[in-house]
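Proteins get letters first, then strands, A, B, ... in listed order; numbering begins at 1 in each. Because the structure is a prediction, the values reported are computed rather than measured.
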Number of protein chains: 2
Amino acid sequence: MRILLVEDDGLLGAAVRDSIAAEGHAVDWARRLGEAEECRAVARYNVILLDLMLPDGRGLDFLKRLRLAGETMPVIILTARDQVSDRIAGLNAGADDYLVKPFDLSELSARIGAVTRRAAGQAAPVVTFGDVTIQLAERAITRSGKALALTAREWAVLEALLGRPSGLVSKSEIEERLYDLDAEVESNTIEVYIARLRKKIGHARIVTERGLGYRLVR
Amino acid sequence: MRILLVEDDGLLGAAVRDSIAAEGHAVDWARRLGEAEECRAVARYNVILLDLMLPDGRGLDFLKRLRLAGETMPVIILTARDQVSDRIAGLNAGADDYLVKPFDLSELSARIGAVTRRAAGQAAPVVTFGDVTIQLAERAITRSGKALALTAREWAVLEALLGRPSGLVSKSEIEERLYDLDAEVESNTIEVYIARLRKKIGHARIVTERGLGYRLVR
DNA sequence: CGCAGGTCTTCAGGTCGGTGTCAGGTTGGG
DNA sequence: CCCAACCTGACACCGACCTGAAGACCTGCG
């Protein structure tokens, strides 16, 4: 496994590098964002460990650039900030995990394991369907540049459809995702939400297959 | 998205349930491991939120049973324990994330997002017959690259034929798969659907064996 | 508390296409 | 040649689906 460590603190950086190397992984250590960009251009990484406060810029911006470029590798943020709002911002920018300094090196390696176990099959945090761009992480969606406003239920239906990229999702499947065991629904609610979604993202984006379900098309 | 919350604390549980429901997700709330097992037997979940200290057992054991049973859905642990060794044990038992109480509800939802984004996209089984490619799970079928549209009944017949790869399937066998006991059919329906399937996937793909049944060939 | 603005769900009327049936043609075995 | 089994185009019906509208519900605000 190949890991990119972005960290300006010499002591902590060396400790992390050694600990990861001791587990048999390859580590490239960038001390500034500039270096990190160079590394990224040269090599592909399985995991990126990212400090947020760096001499030449904010780690979050690096992360956002990464995700906008379509990169999907797991990113674990390492930082002294432990404000909840910071952690949320990090996760919403597309980070996969968050460790607050000081952290235990064995916990770091456990988290690297957890995060890469998931990385086998990835859904891109940014999905594009025709003129519609969806940022799942931030619950933001635009159509030809203009922001759309989806309600909670509309998001839920959209997520259900996205869960099977270009695959078929049955109405009952959507229903199961929307409603818990107690609250059973006896109506055409799903059809209504499909109609509303179509009105917002374009009718052709969702095709009906009678008796089977719905399918997202690009 | 459908979420199973396993938490015995009434106050925290209610808060978590409401916060998640407000985002349009369906929540089933189990207060004990026994309930959690029941829920799991009945419904499929996209995420499980798991408290570790429960009246009738340890959450970690539940998690281990889950993973042993081959379940791969993301699990986020919620607990008051913040010992590093506990967190490592949780992650190594197959948890995908870990939140220490008290936690912010918006951070929880950010983490649910991060964890499910990773979870999508396992490879679906693909069957190929000549120039026809079939993705059973996604109900997608192409002939020499072009997508075909099959109706519900056509899929059912095709599945019946695929159920016995390159084997013989009798007409009555197909009939039994298509229609439940009550619905009696008195006509040549199966023949009609065989004809329709042939027109779409190529006549040579299905051969008739007089008096016996049909056979898929590649 | 009442109101406004929004969301969720239900309902009803209309459309449309899959489904099952039939009839006439074709094939293959005895 | 004859008959049974099978093929296939055509067609009417019914239920799945669509959609506008309106009632139920929630939430924040004055």
inquiry  = According to side chain to side chain donor-acceptor pair (under 3.5 Å), who are the partners of A:S172, at least two apart in sequence or on a separate chain?
reply    = A:S170

request  = Classify the side chain of A:R196 versus the base of C:dG6 as yes if they form a donor-acceptor pair under 3.5 Å and no if they do not.
outcome  = no

ask   = Just by distance, do the side chain of B:K171 and the backbone of B:E191 share a donor-acceptor pair under 3.5 Å?
value = no

ask   = Quick one: A:W155 CH2 to C:dC8 C1', roughly how many Å, whole number?
value = 18 Å

Sequence neighbours excluded and cut-off under 3.5 Å, please list the side-chain donor-acceptor pairs for residues 9-24 of chain B, or say none.
unit_1	atom_1	unit_2	atom_2	d
B:D9	OD1	B:L11	N	2.9
B:D9	OD1	B:L12	N	2.9
B:E23	OE2	B:S109	OG	3.2

inquiry  = How many whole angstroms separate atom NZ of B:K171 from atom C1' of D:dA4?
reply    = 11 Å

remark   = When rounded to whole Å, the NZ to C1' distance for the pair B:K199 and C:dG18 reads 14 Å

query = So which nucleotide from C:dT9, C:dG20, D:dC7 ends up closest to the side chain of A:T189?
reply = C:dT9

query = When you match A:N188 and A:Y193 each to their closest nucleotide on DNA chain C, which lands nearer the 5' end?
reply = A:Y193

inquiry  = Mind checking if A:R210 touches a base, just sugar-phosphate, or nothing, with heavy atoms under 4.0 Å?
reply    = base

task = To the nearest Å, give me how far apart OH (B:Y179) and P (C:dT21) are.
result = 7 Å

request  = Starting at atom CG of B:L150, determine the distance to atom P of C:dT19, rounded to an integer number of angstrom.
outcome  = 10 Å

Any donor-acceptor pair under 3.5 Å from A:S187 side chain to A:T189 backbone = yes

